[in-house]
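To keep things clear, I will list the structure first and then write my remarks on it.
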Amino acid sequence: MPYFNVSVPLKLKILTYHFNKDIDLTGFAVQVPLKNRVVDGIVIKKLDKKPDEVPQTKEIHSIIGEAYNKKFIEFLKWMSFYYISEIGSVVRSTFFEEVIHLIKGKNYKRTSKKQSLSEENTALPQLESCFLNNETLSKIIDTKREGQYKTFLIHCPNFFYEMKLMLEVVTTISSSDGTILLVLPEIKDAQKLFNFLKGCNIQAVLLHSEMKRAELLSSIKEIIEDKVKVIVGTRFAVFAPVKKLSLIMLAQESSWLYKAEETPRYHARDCAVMRGFIECCPVVLTDFMPSTTSYYNALRGKYELIDDFNQLKHPDIKILRQPYQTIFHPEVLLYLKLYHKEGILVTSPRSGYSLIRCSECREVIKCEQCGYSMVFHKSSGLLECFRCNRVIKMYEQCPYCMGVDIHPVGVGVERIIDELKQIFSKKQTEINEIDLNSEKVHGICVGQAGKIKTGYHSRFKGAIILDFDFFISIPDYRTLENAFARVLSISQLVKENGSLFIQTRNPTADIFKFIRSYNFKDFYLYELKHLKETDFPPFSRIVKLMVKLKKTGLKETLDKLKEFLKTHITGEVIGPLKHTNTDEFVFILRSKDKRKLTEDLTTALGKLINFKEIAIKVEVDPVSLKI
DNA sequence: GAATCCGGTGAG
DNA sequence: TCACCGGATTCC
């Protein structure tokens with residue numbers, strides 16, 4: 001009698017069932033008994049005999065129909081292996097529920113032809129006129145024609161270029177065989193590209209997490225009926241149940257938005273590459289600041305690098321020493337006075353007015369709960385902690401030494417605006433906090449550097465990044481690439497003949513050598529050398545374990561757990577570290593032998609079932625080591 | 001995800 | 001003594 005490994009969309013491993021007909025049901029949705037109810041599941045594999053470890057099997061209740069093809073099942077199995085996650089959780093993060101619903105033929109409310117989604121931002125005016133390297137375009141199209149797996153990493157001059165490339169590829173080949181998948185990190189960008197494609201009469205569907213159920217069902221219906229040529233979506237679109245994929249394009253490949261927040265904590269870029277590999281179709285990753293990891297993959301020949309960064313001219317970058325007494329460097333001040341009419345962007349790493357320091361004990365006021373520096377808001381007289389969201393009234397005296405001279409240090413958006421208003425009179429120029437939705441650029445705009453996204457606002461004459469040191473002082477192994485990316489996202493808002501000023505207390509730091517001249521190649525080599533010396537990814541794999549102690553659990557179980565991990569894992573075991581906001585504990589595992597770490601941890605977690613007093617969540621390739 | 005198991009609690 | 005509970009466990 002044939003047996004079948006079935007996965008149900010629950011946090012549950014494979015279950016084995018028998019069925020009286022000897023047909024291969026792999027990829028079929030089935031109804032199976034579970035405890036004393038009947039649930040929907042998906043057949044992962046056909047077995048010829050019952051596995052020994054399974055005591056007894058129940059019978060498959062009924063067959064719903066074919067849900068996924070074999071390649072997609074392979075993809076799900078890889079996800080489960082790589083992210084050390086129950087296959088059921090993987091199935092749950094796909095569009096399984098929707099697919100089942102549709103093959104069962106249930107009725108669903110049709111969305112009216114008019115999209116309920118806002119269309120105000122439909123226009124991507126610069127896109128049509130945007131320059132594109134035709135060589136790059138034909139390379140992608142030729143590879144797509146060959147129908148083989150291959151990954152390109154395209155270093156684009158800006159985000160528009162990435163969008164333009166998607167658009168051109170789609171308009172050139174959308175009429176050919178197979179479906180093209182376009183993935184973007186942000187919903188609003190996916191929405192815009194989708195609207196734009198619709199405007200060009202290209203048959204496309206949208207997939208993002210804020211769509212209503214009926215809209216999502218309608219998109220999935222078109223996909224499983226093989227009626228669409230193009231899918232535009234955010235990270236979970238990599239699970240689109242497409243019959244035949246012909247090309248995957250993923251923009252902003254370095255974006256941390258591609259990392260899923262729930263288990264399995266997959267990374268959409270890595271999934272896209274694996275999906276392309278399994279489906280035998282090319283994958284195109286683009287970014288204006290590719291991740292060091294992807295660059296490394298290009299260097300070792302895993303991806304083909306196409307460097308289009310210098311296809312467009314970029315603004316000059318000037319590194320200036322942050323003065324001690326004033327906020328602006330004299331050169332910046334002069335620039336502001338000369339060009340404020342043409343629009344200048346001033347950014348600071350933090351909102352609010354400033355931090356507060358006591359001149360007697362030299363302490364910066366920190367949050368009592370989490371130790372994070374608190375931000376002072378002058379207008380409201382409050383101190384705010386951005387990590388744990390605590391708000392308190394501004395102190396009258398230093399809380400540490402009772403000193404009376406506590407004063408602002410560092411610059412926030414509020415303080416910059418204050419300062420600028422003192423320099424310029426109201427008539428001279430307009431000074432505003434940047435409005436991300438507004439297209440108009442004039443006067444001086446002030447914004448928090450971290451919140452300024454690569455947007456659609458037109459271009460500034462110049463931009464100034466204040467207190468850049470904040471970005472390079474974050475203790476993380478990816479700090480420098482993130483800091484460089486920050487500079488680039490701001491430089492994109494500046495006209496090509498404009499200027500970008502960076503104020504720092506340490507202008508001789510290595511990173512500025514690369515930033516100043518947009519020298520990516522040497523930057524990546526510098527970073528990779530450092531990462532190799534310190535055994536960080538891509539030269540090792542890191543796995544974060546989030547451990548929750550159950551009621552019965554004692555602190556000493558953590559020590560026992562650490563011992564257990566140390567004996568079962570070849571590699572480093574760091575922890576336990578107390579998580580600041582939750583009652584969880586964190587272990588960091590790291591090994592140069594990537595595959596072995598995954599395998600070791602898989603077996604270790606299997607044995608940990610005997611550890612009753614803990615619950616563990618696994619995060620493979622965490623985006624940051626921040627606890 | 002939900003039925004069931006299990007150990008602790010408290011009213012009678 | 002047993003009904004009741006909440007958390008842990010298990011599902012093939």
Side-chain angles (χ1 to χ4, degrees), chain A residues 1-64 67-68 73 76-77 79-81 83-101 104 106 209 213 236 239 260-265 545-558 560-561 564 582-585 602 604-618:
Chain A
M1 194 191 297
Y3 291 84
F4 297 93
N5 279 345
V6 176
S7 171
V8 293
L10 299 173
K11 192 180 171 292
L12 234 170
K13 61 175 200 299
I14 285 282
L15 304 173
T16 308
Y17 291 86
H18 62 262
F19 194 60
N20 49 17
K21 281 199 193 102
D22 195 5
I23 39 167
D24 188 1
L25 289 174
T26 306
F28 275 70
V30 289
Q31 293 196 302
V32 288
L34 183 74
K35 284 268 174 82
N36 51 357
R37 60 206 164 110
V38 175
V39 295
D40 298 336
I42 175 104
V43 177
I44 300 295
K45 198 181 177 185
K46 178 178 184 278
L47 308 166
D48 292 321
K49 60 178 182 55
K50 188 170 74 73
D52 295 338
E53 68 276 12
V54 182
Q56 62 201 31
T57 58
K58 289 184 183 174
E59 189 177 15
I60 290 175
H61 189 270
S62 64
I63 297 168
I64 302 169
Y68 292 146
I73 300 290
L76 298 182
K77 276 155 76 178
M79 287 247 334
S80 167
F81 165 78
Y83 292 105
I84 314 177
S85 174
E86 315 287 3
I87 186 116
S89 306
V90 176
V91 171
R92 198 165 46 162
S93 58
T94 69
F95 299 97
F96 188 66
E97 201 192 311
E98 287 79 10
V99 172
I100 291 266
H101 184 96
K104 278 183 182 167
K106 282 186 194 158
S209 56
R213 188 176 155 76
F236 74 163
F239 300 115
E261 281 145 44
E262 353 46 58
T263 30
R265 299 206 59 181
L545 297 184
M546 305 287 285
V547 181
K548 202 177 221 162
L549 287 175
K550 292 180 190 171
K551 252 199 174 161
T552 47
L554 291 159
K555 293 257 175 179
E556 51 207 68
T557 40
L558 285 171
K560 262 164 71 190
L561 176 61
F564 180 85
T582 65
D583 51 355
E584 288 169 316
F585 290 88
T602 306
L605 289 174
K607 287 184 191 166
L608 269 177
I609 295 166
N610 309 322
F611 262 71
K612 301 281 184 197
E613 52 279 316
I614 48 166
I616 301 184
K617 272 191 281 181
V618 182

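We name chains A, B, ... by the order of the sequence lines, and we start the count at 1 in each one.
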Check: For A/Lys35 and B/dA2, is the shortest distance between a side-chain N/O and OP1 or OP2 below 4.0 Å?
Finding: no
Next item on the list: Output yes when A/Glu97 and A/Arg213 qualify as a salt bridge under the 4.0 Å nitrogen-oxygen rule, no when they do not.
Entry: yes
Notebook entry, point to check: Once you round it to whole Å, what is the distance between P of C/dT9 and CD1 of A/Ile614?
Noted result: 11 Å
Margin query: Heavy atoms only, 4.0 Å cut-off, all strands: where does A/Pro33 land among base, sugar-phosphate and nothing?
Written below: sugar-phosphate
Check: Closer than 4.0 Å, any side-chain N/O of A/Lys58 to the OP1 or OP2 of C/dC11?
Finding: no
Next item on the list: Round to a whole Å and report the spacing from CE of A/Met1 to P of C/dC12.
Entry: 17 Å
Next item on the list: Looking only at side-chain atoms of A/Leu10, point me to the closest of B/dA3, B/dG1, C/dC12.
Entry: B/dG1
Check: Name the one of A/Asp22, A/Asn5, A/Asp24 that satisfies side chain to side chain donor-acceptor pair (under 3.5 Å) with A/Lys46?
Finding: A/Asp22
Next item on the list: Quickly work out the A/Asn36 CG to C/dT10 P distance and round it to whole Å.
Entry: 17 Å
Next item on the list: Check every atom of C/dC12, B/dG1, C/dA8 against the side chain of A/Lys550 and return the nucleotide holding the closest atom.
Entry: C/dA8
Notebook entry, point to check: What is the distance, rounded to the nearest whole Å, between atom CD1 of A/Ile60 and atom P of C/dC12?
Noted result: 13 Å
Margin query: By the 4.0 Å heavy-atom rule, please label A/Thr57 as base, sugar-phosphate, or nothing.
Written below: sugar-phosphate
Note to self: In whole Å, I'd like the distance from the NE2 atom of A/His61 to the P atom of C/dC12.
What the structure shows: 14 Å
Notebook entry, point to check: Would you say the side-chain atoms of A/Ser89 and A/Tyr83 include a donor-acceptor pair closer than 3.5 Å?
Noted result: no
Note to self: Check this one for me: any side-chain N or O of A/Arg92 less than 4.0 Å away from OP1 or OP2 of B/dG1?
What the structure shows: yes
Check: Mind checking whether A/Phe19 and A/Phe4 have parallel, tilted or perpendicular rings, split at 30° and 60°?
Finding: perpendicular
Notebook entry, point to check: Which whole-number value in Å describes the distance from A/Lys11 NZ to C/dA8 C1'?
Noted result: 12 Å
Check: Just how far, in rounded Å, is P of C/dC12 from CG of A/Leu34?
Finding: 6 Å
Notebook entry, point to check: Counting side-chain heavy atoms from C-beta on, which of B/dG1, C/dC12, C/dT9 comes nearest to A/Leu15?
Noted result: C/dC12
Next item on the list: Write down the distance between CD1 (A/Ile87) and P (C/dC11), rounded to a whole number of angstrom.
Entry: 19 Å
Next item on the list: For A/Thr57, check side-chain contact (heavy atoms from CB on, under 4.5 Å) against everything at least two apart and list the hits.
Entry: A/Tyr3, A/Thr16, A/His18, A/Lys50, A/Val54
Notebook entry, point to check: Given C/dC12, is OP1 or OP2 found less than 4.0 Å from the side-chain N or O atoms of A/Asn5?
Noted result: no
